[in-house]
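A short worksheet on the structure shown next.
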Amino acid sequence: LFFLLSLLFVEGILRAFFPVHMLDPIEAFQYDEELGVRLKPGLHFFRTTDYQEETLTSRIGSVNFQESFEDYEILVFALGDSYTRGVGVPADASYPFQLDLMLNLQGGRYVKKYGIVNLALGAFGVEQVILTMRRYQKMIGTPGYVLFLGCSNDYGDDFLFKSGYRHKHLVAGSPYWGFWLRPLQWLGHKTEIGKRLKLGVKMIRQKPLKQQGGSNVAALQEPILRKLTEIAKDFSAILIVGWAEPSNDPASSYQ
């Protein structure tokens with residue numbers, strides 16, 4: 001009883017004075033046998049904590065206001081992780097949405113020329129990016145341009161995906177947790193103690209990454225980036241690579 005009361009006291013203190021605001025509501029995701037996890041289609045979630053966050057998806061599961069891209073002359077696939085998806089900001093603040101306006105607004109009129117399809121998801125590595133690109137190419141058509149925004153955590157994301165960790169998230173439809181799914185979701189995402197335990201487990205799981213050779217992420221990722229290049233060539237698409245690293249960072253491997 002003393003232990004339970006102590007937990008309740010600690011939970012109350014953390015909730016009142018030191019809350020942790022997790023990026024992305026767990027309710028927005030579902031299990032995907034190929035990708036591990038993906039956003040639910042037809043979703044609109046909005047909340048304000050210590051920042052403003054909006055998650056909006058089309059009926060095909062892309063992060064777009066548009067429900068269809070059939071009327072656009074050229075498809076553009078925007079691939080990457082949370083930087084591309086726009087995690088932690090309103091839906092109209094992501095770079096693919098702003099790019100859509102820059103390319104299609106002509107004289108104050110919106111012309112459907114470039115259909116910018118935002119296919120990114122937070123913590124996506126390049127392996128998942130490639131699987132997503134192939135899936136949507138079959139679903140909505142071949143892109144004329146492929147945009148990929150690299151990041152310093154790309155290697156770690158691919159490592160966790162290939163190790164099976166990304167398939168074991170506590171999301172709807174997961175075949176791994178059975179009866180325990182909802183209790184674990186509540187513990188890990190609704191309680192302050194549980195959030196910290198979840199972050200601790202994540203750090204332990206990522207510890208092997210520190211033992212992987214080298215700090216040059218782009219060099220480690222070169223084989224999979226070459227694969228991305230070859231697929232873009234097969235699509236006859238122009239591949240444009242950017243990166244979310246400060247140019248003055250001494251560890252800026254993509255630079």
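Only this structure's heavy atoms are used, side chains among them; waters, hydrogens and symmetry mates stay out.
Annotation for Glu33: atom CD does not count as buried by contact number, only 12 or fewer foreign heavy atoms lying within 6.0 Å. Counted within 6.0 Å of NZ on Lys195, heavy atoms from surrounding residues, nucleotides or ligands total more than 12; the atom is thus considered enclosed. In this structure, Phe45 places its CZ atom where more than 12 heavy-atom neighbours from other residues, nucleotides or ligands lie under 6.0 Å away. The neighbour count for Arg182 CZ, taken as heavy atoms of other residues, nucleotides or ligands under 6.0 Å away, does not exceed 12. Tyr110 OH: more than 12 foreign heavy atoms inside a 6.0 Å radius.
Taking both residues in full, the closest heavy atoms of Ala172 and Leu181 are given as CA-CD2, 4.4 Å, listed atom of the first, atom of the second, then distance. Listed here is the closest heavy atom pair of Val146 and Ala237: CG2-CB, 4.1 Å. Scanning both residues, Phe161 and His167, for their nearest heavy atoms gives CE1-CE1, 3.5 Å. Shown here for Leu149 and Ala244, the closest heavy-atom pair between the two residues is CD1-N, 4.1 Å. Contact record, Gly141 with Phe77: O-CZ, 3.6 Å, taken as the closest heavy-atom pair. Heavy atoms only, all atoms of each residue included: Arg135 and Asp32 are closest at NH1-OD2, 2.8 Å.
With a 4.5 Å cut-off on side-chain heavy atoms, Ile60 and Met139 count as touching. The closest side-chain heavy-atom distance from Asp24 to Thr55 is below 4.5 Å. Considering only heavy atoms from C-beta on, Val76 stays 4.5 Å or farther from Val117 through its side chain. Here the side chains of Phe124 and Leu119 are not in contact, with every heavy-atom distance at 4.5 Å or above. Side-chain contact between Phe148 and Met133 is absent, with no heavy-atom pair separated by less than 4.5 Å. In this structure, the side chains of Asp157 and Arg166 come closer than 4.5 Å at one or more pairs of heavy atoms. Side chains of Thr84 and Ser94 form no contact here, defined as non-hydrogen atoms less than 4.5 Å apart. Between Glu192 and Pro19, the closest side-chain pair of non-hydrogen atoms falls below 4.5 Å.
Taking the ring centroids of His169 and Tyr31, they lie at or beyond the 6.0 Å cut-off. Proximity of the aromatic rings of Phe65 and Phe97 is defined here by a centroid distance below 6.0 angstrom, and this criterion is met.
The other members of the hydrophobic cluster of Leu187, by chain and number, are Trp186 (side-chain heavy atoms under 4.5 Å, ILVMFWY only).
Atom-to-atom distance recorded for Leu184:CG and Tyr176:OH is 15.5 Å, nearest 0.5 angstrom. Distance check, rounded to the nearest 0.5 Å: CD of Glu127 to CG of Asp154 gives 11.0 Å. Note that OG1 of Thr191 and CZ of Arg15 are 7.0 Å apart. Values are rounded to the nearest 0.5 Å. Leu228 contributes atom CG, which lies 5.0 Å from atom CD1 of Ile130 (distance to the nearest 0.5 angstrom). For the atom pair CG of Leu160 and NZ of Lys202, the computed distance is 8.5 Å after rounding to the nearest 0.5 Å.
Val63 and Phe46 fall into different hydrophobic clusters, where Ile, Leu, Val, Met, Phe, Trp and Tyr are joined by side-chain heavy atoms under 4.5 Å apart, directly or via other members. One hydrophobic cluster holds both Val37 and Leu39 under the rule that ILVMFWY side chains link at heavy-atom gaps under 4.5 Å. Residues Phe179 and Trp177 are members of one and the same hydrophobic cluster, defined by side-chain heavy-atom contacts under 4.5 angstrom among Ile, Leu, Val, Met, Phe, Trp and Tyr. Neither Ile240 nor Leu225 shares a network with the other; the hydrophobic side chains, linked directly or stepwise wherever heavy atoms of I, L, V, M, F, W or Y lie under 4.5 Å apart, form separate groups for each. The hydrophobic cluster containing Tyr145 does not contain Met102, counting ILVMFWY residues as joined when their side-chain heavy atoms lie under 4.5 angstrom apart, directly or transitively.
Looking at residues two or more places apart in sequence or on another chain, you find a salt bridge (Lys or Arg N to Asp or Glu O under 4.0 Å) between Arg226 and Glu222. Residues meeting the ring pair (Phe, Tyr, Trp, His ring centres under 6.0 Å) test with Phe235, sequence neighbours left out: none.
Of the candidates Phe3, Phe2, Phe9, Phe2 is the only one forming a side chain to side chain contact (heavy atoms under 4.5 Å, CB included) with Ser6.
Counting only distance, with no hydrogens or angles, the side chain of Lys233 and the backbone of Leu239 share no donor-acceptor pair below 3.5 Å. For the pair Gln52 (side chain) and Val89 (backbone), a donor-acceptor distance under 3.5 Å is absent. Counting only distance, with no hydrogens or angles, the side chain of Thr57 and the backbone of Ser62 share no donor-acceptor pair below 3.5 Å.
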Evaluate the criterion side chain to side chain contact (heavy atoms under 4.5 Å, CB included) for residue pair Val241 and Leu147; output intermediate values, then yes/no.
CA-CA 6 Å; Val241 176; Leu147 314 179; over 6 Å; no

Would Leu75 and Thr142 satisfy side chain to side chain contact (heavy atoms under 4.5 Å, CB included), going step by step from the backbone distance to the final call?
CA-CA 7 Å; Leu75 287 178; Thr142 302; over 6 Å; no

List the steps and the verdict of side chain to side chain contact (heavy atoms under 4.5 Å, CB included) for Leu14 and Val10.
CA-CA 6 Å; Leu14 292 174; Val10 172; 3.9 Å; yes

Under the criterion side chain to side chain donor-acceptor pair (under 3.5 Å), I'd like the reasoning laid out for Gln66 against Asp100: C-alpha separation, chi angles, the key distance, then a yes or no.
CA-CA 11 Å; Gln66 298 99 320; Asp100 185 302; 3.0 Å; yes

Should Leu23 and Tyr51 be marked as a side chain to side chain contact (heavy atoms under 4.5 Å, CB included) after you check the CA-CA gap, both sets of side-chain angles, and the distance that decides it?
CA-CA 10 Å; Leu23 287 173; Tyr51 61 96; 3.4 Å; yes

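Side-chain polar atoms of Asp158 and Gln128 form no donor-acceptor pair below 3.5 angstrom. Looking only at atom types and distance, the side chain of Glu67 has no donor-acceptor partner in the side chain of Ser58 under 3.5 Å away.
Taking the six-membered ring for Trp and thresholds of 30 and 60 degrees, Tyr72 and Phe69 have ring planes inclined between 30 and 60 degrees apart.
Ion pairing of Asp71 with Lys113 is absent here, as no side-chain N (NZ or NE/NH1/NH2) approaches a carboxylate O to less than 4.0 Å. Contact check on Glu230 versus Lys227 returns no salt bridge, with no Lys/Arg side-chain nitrogen under 4.0 Å from an Asp/Glu carboxylate oxygen. Using a 4.0 Å cut-off between a side-chain N of Lys or Arg and a carboxylate O of Asp or Glu, Arg85 and Glu54 do not qualify as a salt bridge. A salt bridge is defined here as a Lys NZ or Arg NE, NH1 or NH2 lying under 4.0 Å from an Asp or Glu carboxylate O, and Arg47 with Glu53 meets this definition.
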